[in-house]
Amino acid sequence: EIKDYRQPLVTSLGVILGFLVGFQAHWVSDEHFALSNASDWLVFAGSITGAAILLRVLFRMLSPPEAGDPLLRYRRTLRLYVSGIAIAFLSLIVAAFL
């Protein structure tokens, strides 16, 4: 059943969002913070975009189910989840090589 997947997904979202928000907070609060080159912009945009997608996933997982096929809704939510994580972390990896 779908309800069995809700709790682990919400827990993992909390951990990943905590990492992203902590990373951004530490980075932005640095006194020498500046978006001065392409890699800085890529990391900033990627982590903000990834966090926004993951917040959307959290909203979908915590909202009451809509009428229709719950498995179809869960699959869409899972795709959003994976894309949010991929965007956030791939931007860090790509920026390392710029």
Please list every donor-acceptor pair under 3.5 Å in which a side-chain atom of residues 83-98 meets a protein atom from a residue at least two apart or in another chain.
unit_1 : atom_1 : unit_2 : atom_2 : d
Ser83  : OG     : Arg79  : O      : 3.2
Ser83  : OG     : Leu80  : O      : 2.9
Ser91  : OG     : Ile87  : O      : 3.3
Ser91  : OG     : Ala88  : O      : 2.8

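- Tyr5 and Met61 make their closest contact through O-CE, 4.4 Å (heavy atoms, listed as atom of the first residue, atom of the second, distance).
- Side chains of Ser36 and Trp41 form no contact here, defined as non-hydrogen atoms less than 4.5 Å apart.
- Judged as a side-chain hydrogen bond (donor to acceptor under 3.5 Å, both in side chains), and not counting sequence neighbours, the contacts of Asn37 are Ser39.
- Leu17 CG to Ile53 CD1: the interatomic distance, rounded to the nearest 0.5 Å, is 11.5 Å.
- Contact check for Leu20 versus Gln24: no side-chain heavy atoms found under the 4.5 Å cut-off.
- Looking at residues two or more places apart in sequence or on another chain, you find a side chain to side chain contact (heavy atoms under 4.5 Å, CB included) between Leu72 and Asp69.
- Between the side chain of Arg6 and the backbone N or O of Leu62, no donor-acceptor pair lies under 3.5 Å.
- For residues 53-63, the side chain to side chain donor-acceptor pair (under 3.5 Å) pairs, not counting sequence neighbours, are Arg60-Thr77, Ser63-Arg73.
- In this structure Val21 satisfies the side chain to side chain contact (heavy atoms under 4.5 Å, CB included) test with no other residue, sequence neighbours excluded.
- Classification of the Phe19-Phe23 ring pair by plane angle, with boundaries at 30° and 60°, yields parallel.
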Just distance, no hydrogens or angles: give the donor-acceptor pairs under 3.5 Å from side chains in residues 26-35, sequence neighbours left out.
unit_1 : atom_1 : unit_2 : atom_2 : d
Ser29  : OG     : Ala25  : O      : 2.8
Ser29  : OG     : His26  : O      : 3.2

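- Looking at every heavy atom in both residues, Ala45 comes nearest to Thr49 through O-OG1, 2.7 Å.
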